[in-house]
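Structure, as structure tokens:
Worth knowing before you read on, the calculation uses all heavy atoms, side chains too, and leaves out hydrogens, waters and symmetry mates. Order of appearance sets the numbers: ligands from 1, and atoms from 1 within every ligand. Here the structure is a predicted model, which is why all the values come from computation and not from measurement.
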Amino acid sequence: MDAALADRLRADLHAARYTVDRLRSLWGDAADAALARGDRVPARRALAQAEAEPAALLARLFLLGEPLDDDALQSAFPTLLPDGARRLGLIDAHGAALLDVRPYSAVDASGTADWFVVSDLGETALGRALPAEHVLGVGGASLTLAGLIPTSEVGTVLDLGTGCGVQSLHAARHGERVIATDLSARALELAALTVHVNGVRSVELRHGDLFAPLAGERVDRIVSNPPFVITPRREGVPLYEYRDGGRVGDAIVEEVVRGAADHLTPGGTAHLLGNWEYREGLGGDGLARVRRWISEAGLDGWVIERERQSPEQYAATWIRDGGTRVGTPEYDALCAAWLDDFAERGVTAVGFGYIALRRPLDEDAPRLLRTEVLSSPLGSAASGLGDHLLAGFAAHDWMASRDDVALAGEKVLLAPDVTEERHYWPGDEAPTVIRLRQGAGFAREIDADPALAGFVGACDGELTVGQLAAALADLLEVDEGALREQLLPQVRELLLCGVLLPASR
Ligand SMILES: C[S@@+](CC[C@H](N)C(=O)[O-])C[C@H]1O[C@@H](n2cnc3c(N)ncnc32)[C@H](O)[C@@H]1O
């Protein structure tokens, strides 16, 4: 990458106010939504009215796939100039885009960030299936992982499989230094341009397979949307570098989990997306397999399965993702290859979800090893999941140092995002269902009996857990010991999930 040219591109993108908000104000919400579905027509029509605007020209070039003439290129790149844009590999000799350069905006605990992301042209702009060496732009999975990255300040972050570099932008917001790796040399070139045009100088790019570029080094945080897509190793099946890390089945996810143990500093955490196979026979349960990888690696882990697909659904998802249409002979051949591979290896389903790992500070401390299925929609809560999971690890530590007697002596608080919902049979005074709803985190819904609901409602930090249990037993006219025995594990679960918080740490 030519840094001087990249600086000039940066100046032009800023001068044009090439931001998500600016484009939305130019073409409106409906055209914005249409574009997200791959439909360029409404945006094209709206931009016809703002022809001379540099932001509109950049959008026509990079997002709508329109070649620009020399005058328009001159207005779009007043500093870089059309020749600079060609030398930087952004456009061809006819003024058509060779790369996708788009604004990207994100909000986290530190506020809003407006960035630019450089990637390969997508399927809509190319008008054909993606080439094997395609470098992916910001997709749904990228956004999911971005929400899983904690926002606490940290030393060195590893962005494993950086692609277009989007996670490095997020990681650099809270990390002193970022090491971004990829097996694709092309991805590293585009990531270099992405971080440069955003003025981010703390990212070091390294080439190589998984953890190989790290050799013996350790980092404080790992973030990765690894190339986990299970791909049959058969002739004729395209191997997309952006999603396929070259292993069989889900071995790449296992390798990343085990590798994290060798490359995290004590107390360091990893935040990953992944796939896990469910296989026939004993020990084939997908979540139990991930649990085993984590436990054998000596890590703390919290795994959330968001979706489980049958082999048929899985094959269809990833064949379509590569741009092959259902009902074509190519699709049929690929589908058969996927189903044969799953059948031969006894795979009955594939789970997809999030993995948070931590290398314990104290090797002898009780481990957190939690796997669960949580498929309810997250809505706006999704952006702070990384911080939420870290709070879960901290709650685990807090509880691990307190037996039931000590916990009964503690005061706890109800988290401010929790509300309660009650359902009644018409005319009845007693509710048939009491449900606690978490607003943030995983937006959990927890069914509570009157005792738990009464307990949670009284958690204002005035009385200890034990005092509350005693008062409730009195009120409900039940045995105090039995109620305490019921409540203590429930309180531990609610503390871990962030529904209750320790009044003092
Ligand atoms: C799913 S993309 C993720 C891109 C980006 N981090 C994001 O979140 O959008 C996976 C990336 O891993 C890279 N990759 C593929 N095989 C790899 C390997 N064996 N080692 C390291 N990176 C690999 C791909 O080139 C691709 O950039």
Open item on the list: For Phe352 and Phe228, take the angle between the two ring planes, folded into 0 to 90°, and tell me which bin it lands in: parallel under 30, tilted 30 to 60, perpendicular over 60.
Closed with: tilted
Task: By ring-ring contact (aromatic ring centres under 6.0 Å, His included) - contacts of Tyr18 (at least two apart) - done: none
Task: Test item: side-chain donor near acceptor, His170 and Ser168, under 3.5 Å - done: no
TODO: Consider only side-chain N and O atoms of Arg22 and Ser25, and report whether a donor and an acceptor are under 3.5 Å apart.
DONE: yes
Open item on the list: Can you confirm whether the side chains of Tyr278 and Arg308 place a donor and an acceptor under 3.5 Å from each other?
Closed with: yes
Open item on the list: Check this for me: does any side-chain nitrogen of one of Arg206 and Glu217 sit under 4.0 Å from a carboxylate oxygen of the other?
Closed with: yes
Distance dump, ligand 1 polar atoms to protein, N/O, under 3.5 Å:
unit_1	atom_1	unit_2	atom_2	d
ligand 1	6 (N)	Gly161	O	2.8
ligand 1	6 (N)	Thr162	O	3.3
ligand 1	8 (O)	Gln167	NE2	3.0
ligand 1	8 (O)	Asn225	ND2	3.3
ligand 1	9 (O)	Ser142	OG	2.7
ligand 1	19 (N)	Asp209	OD1	2.5
ligand 1	20 (N)	Leu210	N	2.9
ligand 1	22 (N)	Leu183	N	3.4
ligand 1	25 (O)	Asp182	OD1	2.6
ligand 1	27 (O)	Gly163	N	3.3
ligand 1	27 (O)	Asp182	OD2	2.7

